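Reading through the structure tokens given below for one structure.
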2 protein chains.
Amino acid sequence: MSKTSGKSGSERRSGCPLNASVEMLGDRWSLLIIRDMMLRGFRSYKELMECYEGIATNILADRLRKLIEYGIIAAEPDPQDRRKVNYVLTRKGMDLAPVLTEMVLWAAAHEETGNQQLVELMRGDKAKFLADIRARWERTQAASGK
Amino acid sequence: MSKTSGKSGSERRSGCPLNASVEMLGDRWSLLIIRDMMLRGFRSYKELMECYEGIATNILADRLRKLIEYGIIAAEPDPQDRRKVNYVLTRKGMDLAPVLTEMVLWAAAHEETGNQQLVELMRGDKAKFLADIRARWERTQAASGK
DNA sequence: AATCTTACTTGCATAATGCAAGTGATAATT
DNA sequence: AATTATCACTTGCATTATGCAAGTAAGATT
């Protein structure tokens with residue numbers, strides 16, 4: 001039930017690595033969720049839900065579940081408010097930063113898109129940009145005692 | 001009919017560039033098609049169809065149509081065999097090379113995948129790898145008189 | 001002329017998605 | 001203590017996308 005469909009791990013591992021990436025990320029929402037967690041610091045279901053009115057609540061739940069299965073994010077209960085669940089990027093999830101960056105730069109180069117500020121940050125010094133968000137992530141990891 | 005659904009260009013342009021990328025590439029097949037054209041040199045419907053038995057013929061036709069709409073690939077009739085259509089990457093399509101590369105490297109780092117040869121090529125000298133496939137593309141462009 | 005290839009389209013069944021309306025657990029308010 | 005609000009979801013149902021088998025039209029091969 002929780003698996004995507006027919007293709008399971010063994011089949012994913014067989015081909016080019018790109019097949020695995022596409023299986024995990026090749027849909028309308030996963031990368032956007034990851035972006036919002038990585039760049040905007042979103043952590044809760046509610047934040048993700050309100051952000052882009054567009055994703056349906058059941059789909060968000062489903063994508064979060066799958067991202068957890070793939071080890072890209074993890075869910076941890078909020079110590080302050082026990083109703084809440086905080087979703088955080090794992091290292092595997094953080095390692096998607098270069099992918100997101102290249103996708104942003106590609107679209108910015110070929111489409112008329114918004115958020116030029118972010119684009120300039122990325123384009124100016126890509127390595128520094130990546131190092132910065134990585135460092136921020138390391139800090140949150142340290143803060144939560146990992 | 002040919003448009004994806006509700007979201008049209010104006011809506012795509014509004015947000016973060018990533019939204020545009022995901023709208024164009026966020027599905028199960030588009031990136032795989034682009035990879036096969038970029039790395040394996042596939043040009044015809046038949047080649048793409050036979051490659052991964054998995055994509056349905058109507059879906060392949062649909063994806064090719066959309067990729068053409070987005071300006072990522074172009075279709076040109078084969079001068080030798082007039083039944084044939086050759087699909088070629090546009091510059092915009094070629095510019096996806098860094099995206100594909102990062103996705104491959106990410107999956108290779110975090111999953112057990114095949115095609116280590118390709119991965120090593122990319123990992124060893126990413127810039128050179130990208131320059132090489134770019135140069136190859138430039139040559140095919142020159143060859144077809146563009 | 002008959003057959004084969006290539007690039008599709010069509011019809012139909014199944015799966016994924018979107019929307020509205022719940023639900024159950026916890027927290028805040030009165 | 002009871003009521004209301006918030007949070008993270010599920011469930012049911014309609015719509016849309018996908019997958020498969022079969023068919024088709026234009027052009028090539030024999």
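Keep in mind that the numbers below use all heavy atoms, side chains included, and drop hydrogens, waters and symmetry copies. Since the model is a prediction, treat every value here as computed from it, not as a measurement.
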Just checking, any donor-acceptor pair under 3.5 angstrom between side chains of Arg28(A) and Asn19(B)?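 No, no side-chain donor-acceptor pair sits under 3.5 Å.
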Do Tyr70(B) and Ser30(B) have side-chain N/O donor and acceptor atoms under 3.5 Å apart?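 There is no such pair (donor and acceptor under 3.5 Å, judged by atom type) between the side chains of Tyr70(B) and Ser30(B).
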Within residues 31-44 of chain A, which residues have any heavy atom lying less than 4.0 Å from an atom of DNA chain D?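 Close to the strand are Ser44(A).
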Given dG19(D), is OP1 or OP2 found less than 4.0 Å from the side-chain N or O atoms of Trp29(B)? yes
Is the distance from OP1 or OP2 of dA7(C) to the nearest side-chain N or O of Lys46(B) less than 4.0 Å?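 For dA7(C), neither OP1 nor OP2 has a side-chain N or O of Lys46(B) closer than 4.0 Å.
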For nucleotides 22-30 of chain C, give me one character per nucleotide, 5' to 3': B if any protein heavy atom sits under 4.0 Å from the base, S if the only such contacts are to the sugar-phosphate, - if neither. ---BBS---
For [X] and [N], give me the distance from atom [atom1] to atom [atom2], rounded to whole Å.
X	N	atom1	atom2	value
Leu60(B)	dA7(C)	CG	P	10 Å
Arg63(A)	dG18(C)	CZ	C1'	12 Å
Tyr45(B)	dT24(D)	OH	C1'	13 Å
Met49(A)	dA21(C)	CE	P	15 Å
Ile55(B)	dA17(D)	CD1	P	16 Å
Asp78(B)	dG27(D)	CG	C1'	12 Å
Ile73(A)	dA8(D)	CD1	P	13 Å
Asn86(B)	dT5(C)	CG	P	19 Å

Out of dA21(C), dT17(C), dC20(D), which nucleotide sits closest to the side chain of Ile59(A)?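 The answer is dT17(C).
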Hey, is [X] close enough to [Y] for a salt bridge, meaning N to O under 4.0 Å?
X	Y	result
Arg82(B)	Asp78(B)	no
Arg63(A)	Asp27(A)	yes
Glu76(A)	Lys84(A)	no
Arg65(B)	Glu69(B)	no

Reading DNA chain C from 5' onward, which residue's closest nucleotide shows up sooner: Ala61(B) or Asp27(A)? Ala61(B)
Which residue lies more 5' along DNA chain C, comparing Asn58(A) with Leu64(B) via nearest heavy atoms: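 This one resolves to Leu64(B).
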Sort out for me which residue in Arg136(B), Arg134(B), Lys128(B) forms a side-chain hydrogen bond (donor to acceptor under 3.5 Å, both in side chains) with Asp132(B).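 Checked Arg136(B), Arg134(B), Lys128(B) against Asp132(B); only one passes side-chain hydrogen bond (donor to acceptor under 3.5 Å, both in side chains): Lys128(B).
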Mind checking side-chain contact (heavy atoms from CB on, under 4.5 Å) for Val22(A) and listing every partner two or more places apart, or none if nothing turns up? Leu18(A), Leu31(B), Leu32(B)
Any chance you could measure Ile133(A), atom CD1, to Met94(A), atom CE, to the nearest 0.5 Å?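 So the CD1 of Ile133(A) and the CE of Met94(A) are separated by 4.5 Å.
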